[in-house]
Amino acid sequence: MPSLRLEYDLIPEASALEPFLQELIREAQYAAEHLAYAPYSGFQVGAAVLLDNGQIIRGSNQENASFPAGTCAERVALHTAAVLHPGVRVTSIAITYTKKQIDPSMMHEVLSPCGICRQVINEVSQHQQAAIHILMRSANGTILSVKDAKELLPFSFGSKML
């Protein structure tokens, strides 16, 4: 019977990462804590995209009273990168979150991109014909690392299907 296998690394804390990835995590956390606009859910998400030219672009979730008109942090960061640095390859994206009241039993849970963001990350990867490394951080600092966006979206829909 066919099966799927997800390959990932579980990293206990950011200090175990290479310095440039530590910086990416810090930028994503800054975006969650200081740039997110989440007055309704209180769930502040930050993302940081590392480009091939060394630039880091931050994004944060932007809620709106007219649900679902808000935008996720990952898409804010990716679309901003595409506008500010057209044609520059995305190498990695880090995703973090914060919330005033986090259930202690959830502190170890990493923040995984929603389905729309998985599709967008995967399409950026397909368009640039290069993998995008995804780092997802939990509230207690544990990081789940996936070397290629397609790991999170098997059987994805793509432009070749249109």
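Numbering of residues begins at 1 and proceeds along the displayed sequence.
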Who else is in the cluster with Leu17 when I, L, V, M, F, W and Y are joined by side-chain contacts under 4.5 Å? Ile11, Phe20, Leu21, Leu24, Ile25, Leu50, Ile56, Leu135, Ile143
Student check: side-chain heavy atoms of [X] and [Y] closer than 4.5 Å:
X	Y	value
Cys72	Cys114	yes
Thr91	Leu51	no
Glu7	Val146	no
Asn61	Tyr97	no

Single-linkage hydrophobic cluster [X]~[Y], side-chain heavy atoms < 4.5 angstrom:
X	Y	value
Ile93	Val83	no
Met136	Leu6	yes
Val76	Val49	no
Leu10	Leu111	yes
Val45	Tyr37	no

Going by the rule side chain to side chain donor-acceptor pair (under 3.5 Å), which residues pair with Ser41 if we only count those two or more places apart in sequence or in a different chain? Glu63
Applying side chain to side chain donor-acceptor pair (under 3.5 Å), can you list everything that pairs with Glu33, at least two apart in sequence or on another chain? Gln29
Atom [atom1] of residue position [X] - does it have more than 12 heavy atoms of other residues, nucleotides or ligands inside 6.0 Å?
X	atom1	answer
Tyr8	OH	no
Leu84	CG	yes
His34	NE2	yes

Sequence neighbours excluded - side chain to side chain donor-acceptor pair (under 3.5 Å) pairs with any residue from residues 73-83: none
Please report the C-alpha distance between Asn64 and Ser66 in whole Å, then the side-chain angles of each, then the deciding distance to 0.1 Å, and finally whether the side-chain hydrogen bond (donor to acceptor under 3.5 Å, both in side chains) criterion is met. CA-CA 5 Å; Asn64 191 287; Ser66 178; 4.6 Å; no
With a 3.5 Å distance limit and no angle check, can you tell me whether [X] reaches the backbone of [Y] through a side-chain donor-acceptor pair?
X	Y	answer
Asp148	His133	no
Ser60	Leu35	yes
Arg118	Leu153	no
Thr96	Ala28	yes

Scan residues 87-97 for pairs that pass salt bridge (charged side-chain N to carboxylate O under 4.0 Å, His left out), counting only residues two or more places apart or in two chains. Asp52-Arg89
Any salt bridge (charged side-chain N to carboxylate O under 4.0 Å, His left out) involving residues 128-138? Give me the pairs, sequence neighbours left out, ordered by first then second residue. none
CD1 on Ile132 to NZ on Lys147, rounded to 0.5 Å: 14.0 Å
Please tell me whether Asp103 and Ser105 have a donor and an acceptor in their side chains that are separated by less than 3.5 angstrom. yes
What's the shortest heavy-atom distance between [X] and [Y], and which atoms?
X	Y	answer
Ala130	Ser125	O-OG, 2.8 Å
Gln22	Ser15	NE2-O, 3.4 Å
Ser156	Gln119	CB-OE1, 4.4 Å
Ile102	Ala139	CD1-CB, 3.7 Å
Leu152	Pro154	C-CD, 3.6 Å
Ile57	Ala77	CG2-O, 3.7 Å

Begin from the C-alpha positions of Asp9 and Leu144 and carry the test side-chain contact (heavy atoms from CB on, under 4.5 Å) through to its verdict. CA-CA 6 Å; Asp9 294 311; Leu144 194 144; over 6 Å; no
Please walk me through it: do Tyr30 and Arg58 pass side-chain contact (heavy atoms from CB on, under 4.5 Å)? CA-CA 9 Å; Tyr30 178 88; Arg58 293 185 296 221; 3.2 Å; yes
